[in-house]
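Encoded as structure tokens, the structure appears first; notes follow it.
Numbers restart at 1 for each chain; the letters A, B, ... are given by sequence-line order, proteins then strands.
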2 protein chains.
Amino acid sequence: MVQFVHPARQDITLAGVLAALADPVRLQIVRGLLTEPACMSCTAASPCPDIPKSTLSNHFRVLRESGLIHTTKKGVEHRNVVREADINARFPGLLKAILKHAGA
Amino acid sequence: MVQFVHPARQDITLAGVLAALADPVRLQIVRGLLTEPACMSCTAASPCPDIPKSTLSNHFRVLRESGLIHTTKKGVEHRNVVREADINARFPGLLKAILKHAGA
DNA sequence: TCAATAGTTCGGAAATATGGGACTATTGAA
DNA sequence: TTCAATAGTCCCATATTTCCGAACTATTGA
């Protein structure tokens, strides 16, 4: 039983968030999660075509540890949600300003 | 005679900018350049205390290649300027939103 | 109980970052 | 000139991080 590590709101750092979003794949994941709130790599429905599972798992871990997303187990799947409230509270306007330019 | 590589405005990428700013040292450099537009590592006046020259040189190269700063030779020194116009044209609001939170 | 599926973890290879030291370029002084 | 001082780059060895195949774990459904 794996329990995930999520930083508390006040422990979310700007450099951490930027580093997490500095990767094109992760940027797409966050974008995807905001429009279609849900899944993981999970073969289908993912914004990630040919990326191996282990790599995706890493990307999600980075996003999680940066404080950008929250992951819960939902049966055999994982449910990921962008921590909009936390990020917006900590860095108002940041997420919107970045994602505005994360063109498909 | 070293000539620097600066990407054209349209070649500046979001991921590149975020990656460049994802490092605390580089974030401080950009912040410093905006308030006190000028120098390089240059011993004094730098926002960077104990970082070796070669490492700083690397950081400035990353900032340069990401399109965030423009470097020109000015005698024996280098003059660095944040490419605010280019960044703002390409990603309106982004730089301000990020630097707003780059607390000292 | 077994197969299938979602995702993590492990471990080695590849890529990247760090920083010491040698090198280059410019300036200013003797 | 020539020489010393200074700013910064380049090279290269080491350290860290990322990538991804393969093995593993957990849950569900038959």
Side-chain angles (χ1 to χ4, degrees), chain A residues 1-6 13 15-30 32-33 36-66 68-81, chain B residues 1-6 13 15-30 32-33 36-66 68-81:
Chain A
M1 171 60 158
V2 185
Q3 205 47 47
F4 296 117
V5 181
H6 294 101
T13 69
V17 168
L18 294 179
L21 293 179
D23 184 290
V25 173
R26 290 196 291 263
L27 206 50
Q28 281 310 95
I29 291 175
V30 172
L33 286 179
E36 188 181 339
C39 71
M40 171 68 182
S41 70
C42 36
T43 30
S46 164
C48 325
D50 312 314
I51 300 173
K53 283 200 304 176
S54 56
T55 302
L56 272 180
S57 182
N58 265 324
H59 283 315
F60 275 86
R61 184 180 47 74
V62 171
L63 289 172
R64 211 154 45 221
E65 293 178 354
S66 77
L68 270 166
I69 66 173
H70 187 270
T71 308
T72 48
K73 290 200 81 166
K74 193 80 175 183
V76 72
E77 295 183 348
H78 288 188
R79 185 153 300 260
N80 294 288
V81 188
Chain B
M1 169 61 161
V2 184
Q3 204 47 46
F4 296 117
V5 182
H6 294 102
T13 69
V17 169
L18 294 180
L21 293 179
D23 184 290
V25 172
R26 291 195 291 263
L27 206 50
Q28 282 309 98
I29 290 175
V30 172
L33 286 179
E36 188 180 341
C39 69
M40 172 66 183
S41 70
C42 33
T43 29
S46 163
C48 324
D50 313 315
I51 300 172
K53 283 200 304 178
S54 56
T55 303
L56 271 181
S57 183
N58 265 323
H59 283 314
F60 275 86
R61 184 181 47 75
V62 171
L63 288 172
R64 209 153 46 221
E65 294 178 354
S66 78
L68 269 167
I69 67 173
H70 188 270
T71 307
T72 47
K73 289 199 85 168
K74 193 80 174 181
V76 71
E77 296 183 346
H78 288 188
R79 187 152 300 262
N80 294 289
V81 188

| Rounded distance in Å - NE2 (B:His59) to P (C:dT16) | 16 Å
| said: Under 4.0 Å, counting only non-hydrogen atoms across every strand here, what does B:Arg26 touch: a base, just sugar-phosphate, or nothing? | reply: nothing
| said: Both A:Asp23 and A:Val76 contact DNA chain D. Which one's nearest nucleotide lies toward the 5' end? | reply: A:Asp23
| task | Would you indicate, yes or no, if C:dT8 has its OP1 or OP2 atom less than 4.0 angstrom from a side-chain nitrogen or oxygen of A:His78? | result | yes
| remark: DNA chain D nearest-nucleotide lookup for A:Pro52 and A:Lys74: closer to the 5′ end is A:Pro52
| Quick check, are the ring centers of A:Phe4 and A:His78 under 6.0 angstrom apart? | yes
| What nucleotide among D:dC20, D:dG8, D:dT27 has an atom nearest to a side-chain atom of A:Lys73? | D:dT27
| message | With a cut-off of less than 4.0 Å, is there a side-chain N or O of B:Thr55 near OP1 or OP2 of C:dT18? | response | no
| request: Round to the nearest Å and state the distance from B:Lys53 atom NZ to D:dC10 atom P. | output: 13 Å
| Say you draw a straight line from CD1 of B:Ile69 to CZ of B:Arg61; how long is it, rounded to the nearest 0.5 Å? | 11.0 Å
| What is the minimum heavy-atom distance between B:Ser66 and B:Gly16, and which atoms define it? | CB-O, 3.7 Å
| request: Starting from P on D:dA7, measure out to CZ on B:Arg79 and report it in whole angstrom. | output: 14 Å
| said: Just verifying a value: how many Å separate A:Leu63 CG and A:Asp23 CG, rounded to the nearest 0.5 Å? | reply: 8.5 Å
| said: Less than 4.0 angstrom between a side-chain N/O of A:Arg64 and OP1 or OP2 of C:dT8, yes or no? | reply: yes
| Rounded to whole angstroms, how far apart are CG on A:Asn58 and P on D:dT17? | 13 Å
| note | From CZ of A:Phe60 across to C1' of C:dT8 the rounded distance in Å is 13 Å
| Nearest-Å distance, CG (B:Leu56) to C1' (D:dT9)? | 13 Å
| Rounded distance in Å - CG (A:Asp50) to P (D:dC19) | 15 Å
| remark: To the nearest angstrom, the CG-P distance between A:Leu63 and C:dT8 comes to 12 Å
| query | With distance as the sole criterion, do the side chain of A:Ser54 and the base of D:dG21 form a donor-acceptor contact below 3.5 Å? | reply | yes
| said: For the CG atom of B:Asn80 and the CD1 atom of B:Ile29, what is their distance to the nearest 0.5 Å? | reply: 8.5 Å
| What is the pairing partner of D:dG29, taking Watson-Crick or G-U wobble pairs with both distances under 3.5 Å in any strand? | C:dC2
| query | Does D:dG21 have a Watson-Crick or wobble partner in any strand here, with both distances under 3.5 angstrom, and which is it? | reply | C:dC10
